[in-house]
Amino acid sequence: MLASAVAPSGSKVSDGLQLRTMGLKDIRAMHNIFVHSVDDAFSYFPVEYRAKLRHQHNIPRLAKACISPRAHFFLLANNIQDIGYCLVRFQQARAYLFWMYVVPDFRGSGAGESLLQAAIQIARDRNKETLELVTHDKESFYAKYGFIPRRRVAGLVGGVDMVIMEYRI
């Protein structure tokens with residue numbers, strides 16, 4: 001199970017990794033890593049849908065989301081570059097984890113776990129009851145940390161089948 005607390009934003013979470021809340025100064029870096037991730041990790045989406053994602057997540061929209069009280073972005077970096085991100089959105093009693101990504105060279109290093117812990121902690125800090133996500137192919141990763149599959153939905157996102165998973169806070 002996950003730890004009950006996560007390092008504060010801007011602090012070291014493990015050897016060489018630093019977690020921070022994304023600020024307006026990070027928008028360009030976030031946009032670059034998002035665009036890369038759409039083609040790298042989300043290649044199971046049709047080409048047209050990936051183009052739509054890149055268009056929808058342009059720099060002005062990311063900036064608007066960054067300052068929204070209903071969203072929280074985390075960036076994870078090593079000493080050289082940003083290596084991962086996640087976005088958590090808040091609605092009523094639930095939080096939703098969107099767009100978690102770790103650069104391939106850093107998968108298996110604890111980077112994904114650090115982002116996931118941060119997402120759970122921010123949901124807890126906002127007094128949410130659950131953290132929900134959808135995944136196409138990472139169900140076993142999330143299950144290791146206590147996420148439970150709730151239902152499978154054919155064609156849910158971009159025409160791709162997804163599993164909706166939930167973590168009780």
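The backbone N or O of Tyr96 sits nowhere less than 3.5 Å from a side-chain atom of Arg89 that would complete a donor-acceptor pair. Here the side chain of Lys128 pairs a donor or acceptor atom with the backbone of Gln92 at under 3.5 angstrom. In this structure, the side chain of Thr130 does not engage the main chain of Glu132 through any donor-acceptor pair within 3.5 Å. Side-chain atoms of Asp161 come within 3.5 Å of backbone atoms of Gly155 as a donor-acceptor pair (strictly under, hydrogens ignored).
Remark: Glu129 CD is loosely packed, at most 12 non-hydrogen atoms of other residues, nucleotides or ligands lying under 6.0 Å away. Residue Arg150 qualifies as enclosed at atom CZ: its count of foreign heavy atoms under 6.0 Å is above 12.
Atoms CZ and OG1, on Arg152 and Thr135 in that order, are 10.0 Å from each other to the nearest 0.5 Å. Atom CG of Leu53 sits about 12.0 Å away from atom CG of Asn58, to the nearest 0.5 Å. We find the CD-CZ distance between Gln81 and Phe106 to be 5.0 Å, quoted to the nearest 0.5 Å. One finds the CG atom of Leu76 at 4.5 Å from the CD1 atom of Ile83 (value rounded to the nearest 0.5 Å). Atom-to-atom distance recorded for Ser37:OG and Arg50:CZ is 11.0 Å, nearest 0.5 angstrom. Note that CE of Met22 is 10.5 Å distant from CG of Asp82, once rounded to the nearest 0.5 Å.
Side chains of Tyr101 and Arg107 form a contact here, defined as non-hydrogen atoms less than 4.5 Å apart. Under the 4.5 Å side-chain criterion, counting only non-hydrogen atoms from C-beta, Ile148 is not in contact with Glu166. No side-chain heavy atom of Glu48 sits less than 4.5 Å from a side-chain heavy atom of Lys52. Side-chain contact check for Phe147 versus Leu131: some heavy-atom pair is nearer than 4.5 Å. Annotation: side chain of Phe42 is not in contact with side chain of Val157 (no heavy-atom distance under 4.5 Å). Taking 4.5 Å as the limit, every side-chain heavy atom of Leu116 sits out of range of all side-chain heavy atoms of Cys86. Contact of the Phe74 side chain with the Gln121 side chain is not registered, since no non-hydrogen atoms from C-beta on lie closer than 4.5 Å.
The two atoms that bring Ala123 and Ile169 nearest to each other are CB-CD1, 3.9 Å, heavy atoms only. Closest of all the heavy-atom pairs between Cys66 and Phe73 is N-CE1, 3.8 Å. For the residue pair Pro149 and Val163, the shortest heavy atom distance occurs at CB-CG1, 3.9 Å. For Ile122 against Ala119, the heavy-atom pair with the smallest separation is CG2-O, 3.2 Å.
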Hey, can you pull the donor-acceptor pairs under 3.5 Å for the side chains in residues 26-35, sequence neighbours left out?
| from | atom 1 | to | atom 2 | distance (Å) |
| --- | --- | --- | --- | --- |
| Asp26 | OD1 | Arg20 | NE | 3.4 |
| Asp26 | OD1 | Arg20 | NH2 | 3.1 |
| Asp26 | OD2 | Gly23 | N | 2.9 |
| Asn32 | ND2 | Arg28 | O | 3.4 |

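Cluster annotation: Ile80 and Leu75 are assigned to distinct hydrophobic clusters (Ile/Leu/Val/Met/Phe/Trp/Tyr, side-chain heavy-atom contacts under 4.5 Å, transitive). Taken together through direct or relayed side-chain contacts under 4.5 Å among Ile, Leu, Val, Met, Phe, Trp and Tyr, Leu24 and Leu19 form part of one hydrophobic cluster. Under the 4.5 Å side-chain heavy-atom criterion for ILVMFWY residues, no single connected hydrophobic cluster contains both Val160 and Val47.
Ion pair Lys144/Glu113 not flagged as a salt bridge, since none of the NZ, NE, NH1 or NH2 atoms sits closer than 4.0 Å to an Asp/Glu carboxylate oxygen.
His136 meets the ring-ring contact (aromatic ring centres under 6.0 Å, His included) test with Tyr44; sequence neighbours excluded. Residues satisfying the side chain to side chain contact (heavy atoms under 4.5 Å, CB included) test with Val153, not counting sequence neighbours, are Arg151, Leu156, Ile164.
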Worksheet entry | Test side-chain contact (heavy atoms from CB on, under 4.5 Å) applied to Tyr167 and Leu97, step by step | CA-CA 10 Å; Tyr167 180 90; Leu97 176 61; over 6 Å; no
